[in-house]
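These notes concern the structure reproduced below.
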2 protein chains.
Amino acid sequence: MTSAAQPPAPAPGRRPTLNAVAARAGVGRGTVSRVINGSPNVSSRSRAAVEQAIAELGYVPNRAARTLVTRRTDSVALVIPEGEDRLFSEPYFSGIIRGVSAELTAVGMQLLLVLARNDGEQARLASYLSARVDGVLMVAVHRDDTLPDLLDDLGVPTVLAGQRSEHEPLGHVRADNYGGARGAVQHLLERGRRVIATITGPLNMDVTRARLSGYREALENADVSTDEQLIVHGDFTEEGGRTAMRELLRRRPDLDAVFAASDVTASGAVLELRASGRQVPEDVAVIGFDDSIVARHIDPPLTSVQQPIEEMGRTMAALLLDELAQQGKGRREVVLPTQLVVRAST
Amino acid sequence: MTSAAQPPAPAPGRRPTLNAVAARAGVGRGTVSRVINGSPNVSSRSRAAVEQAIAELGYVPNRAARTLVTRRTDSVALVIPEGEDRLFSEPYFSGIIRGVSAELTAVGMQLLLVLARNDGEQARLASYLSARVDGVLMVAVHRDDTLPDLLDDLGVPTVLAGQRSEHEPLGHVRADNYGGARGAVQHLLERGRRVIATITGPLNMDVTRARLSGYREALENADVSTDEQLIVHGDFTEEGGRTAMRELLRRRPDLDAVFAASDVTASGAVLELRASGRQVPEDVAVIGFDDSIVARHIDPPLTSVQQPIEEMGRTMAALLLDELAQQGKGRREVVLPTQLVVRAST
DNA sequence: GCTGGCCGTGGGACCGCTCCCACGCGGCAT
DNA sequence: ATGCCGCGTGGGAGCGGTCCCACGGCCAGC
């Protein structure tokens, strides 16, 4: 019965704690903490001792304990609207993930993946996120998405891929859709095409409007008359592309080129053109957008506008980390250049 | 100077705590905790009071505080080998994510996305994961992947999509690759094809061996002689498909069907067949695997073997939650049926 | 020589929760 | 009536960090 209060009790199969490191290094907890957090006010002697103890013990800081006191979770959420499966296809999603992930792991933050339903649960989701992460990245935002605003109200730094409207108040990254579209149409003009149609995306997306502007601009610059008959709205699906193409052929059977707002739409257009007895690119040239896996695999391989997806991911993460660092200030927008990838369809 | 120790100090812009709920409900902290965690030993009076207080205060439990004491993080990681961009294409990745996410959010767990490099960092990654999550889900495991074993050694429950070898010790979910391949070849036989070649995947993947077995089995069942000349190895890429097809045509110019181990491989094969002057499906029928976006968009649309991807995701998560619940026991394997989707290529 | 300031340091208080012990109370068997 | 049991309960201890205050030692300035 001489058990006078168990001294340190090495703790069974448990990971070493900061306390254990301090004991082993012969310093106080505060000093270990300072070393870990890179404080300059530590003598090199202490620092060396602590670093050695950390290495010997294989110490890894307990994130929960740190979060409890600092109120930072060191994690950000990537929110994806459920149903936007389009996003998951190459190269979009892999690129975004790779970029975001690279930027985040470099600073020791972790990435949470959250699928969001587009129903009335957005308020609940916003509150959930505000308790779980330091910031939020969102892709595929639509004009009427409220989640970004809800998050903003809760003070959760948020960065979007793309803007909801031309005056997006939140930080965001987007490709130069306007310039990409203009370049695509210029390319068609250089190939000698003169009756150039376009199949757009959904009207409630900013990318649709930007690409349409680029299309118009290119034609006006070239003094080619623009005909509203040559503009049809699609929905980014293959079926939408077929339907739109059918309508275009009805209106202007003499068209000699089509600029589609997505590769999948373009692939539908190609099918419909072929069904009407036209050859691509001999009779009608076709350009897509996204440079997706479909562009490379359909026949003929599709000329397409490529976005710097991975860099967009990296930039999104960087902007968010910026906002985190400066407490919500420094909200910025970044526009990245696109590149035309020429293949057999033009 | 009459400031005698600030009493409760309502705390400024901070979220309500369990203490605040207890005070408002007029009960002790223990009781609030019991209500939140669904303990049965709470009088219905107390329970009602607590629930009302929670609602009024908009209380959300602090996960870090809970994790600190329970040593559970209530989160699992989905580990994806970097470079396996193939996985990111429709429908694979979106399906897995949707299935996993649905199952996890139903029980309040969160999903961490982790990109893993295939270098010597795996030990570090394993240790990182063991500190950050309760369990791990892995996709695209190769025969020589060590991460699953490292995790197992650290006692981190792990569930794989697919098996590394035929005697996978870890819990895993896979599609019936054998049955799917057999069914595909049977379909070709029913279409009257007799000289059926196959382009496999990489030999270090179990799916490759399983699909090859199914191919052989179907031919043997039908008393069609199998010729090793008809088997060529690919690598799941389009270029690999072209190369393999070229080799097959050299060896057996009389072949009348090809079963490819992936849609992308199949699309390469189709291009090469066409280049050789053959028509698909008139001269040579082609079947792919995965029922990916490529299958639907190439010309002709590809007959393909579809896997129940979303269900695989759901099942993976369910198996992991099971292991979590029973402390690593109940390690199981689940095989899900495939389905042949017939299109114009056969 | 004394004072002031700064540097490096140790350690108490605390973050918000769960775990568990101890207590009061009523009902049942003795 | 007395005991015991078990239920519902309150609250102390502790999880593993960070923050910050106080302290000793040293050097520079007067």
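Values reported hereafter were calculated over all heavy atoms of this structure, with side chains retained and with hydrogens, waters and symmetry mates removed. On a predicted model such as this, the values are computed, not experimentally measured, just so you know. Chain naming here is simple, since letters A, B, ... match the order of the sequence lines and numbering starts at 1 in each.
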For the pair made of CZ in A:R63 and P in C:dG16, what is the distance, rounded to whole Å?
19 Å
Could you state the atom-to-atom distance from CG of A:N41 to P of C:dG5 in whole Å?
18 Å
Summary of salt bridge (Lys or Arg N to Asp or Glu O under 4.0 Å) pairs that have at least one residue in residues 21-30 of chain A, sequence neighbours excluded:
A:R24-A:E56
Just grab all the salt bridge (Lys or Arg N to Asp or Glu O under 4.0 Å) pairs involving residues 67-80 of chain A, residues at least two apart or on different chains.
A:R72-A:D74
Heavy-atom pair of closest approach, residues B:P157 and B:L324:
CG-CD1, 3.4 Å
Under 4.0 Å between a side-chain nitrogen and a carboxylate oxygen: does that hold for B:E82 and B:R117?
no
Is the shortest distance from a Lys or Arg side-chain nitrogen in A:R314 or A:E311 to a carboxylate oxygen in the other one below 4.0 Å?
no
Would you classify B:T67 as touching base, sugar-phosphate or nothing, given that sugar-phosphate means primed atoms plus P, OP1 and OP2, and contacts are heavy atoms under 4.0 Å?
nothing
Taken in chain and number order and not counting sequence neighbours, the residues that satisfy side-chain hydrogen bond (donor to acceptor under 3.5 Å, both in side chains) with B:E103 are none
Non-neighbouring partners of A:E168 that pass side-chain hydrogen bond (donor to acceptor under 3.5 Å, both in side chains), sequence neighbours left out
A:R164
How does each nucleotide of nucleotides 15-23 of chain D score, in 5' to 3' order, for protein heavy atoms under 4.0 Å: base (B), sugar-phosphate only (S), or none (-)?
BBBB-B---
Here's a test for you: under side chain to side chain contact (heavy atoms under 4.5 Å, CB included), which of A:I80, A:L78, A:L137, A:L125 qualifies with A:V114?
A:L125
Given C:dT9, is OP1 or OP2 found less than 4.0 Å from the side-chain N or O atoms of A:S43?
yes
Secondary-structure string, 5' to 3', Watson-Crick or G-U under 3.5 Å, | for another-strand partners, for DNA chain D
||||||||||||||||||||||||||||||
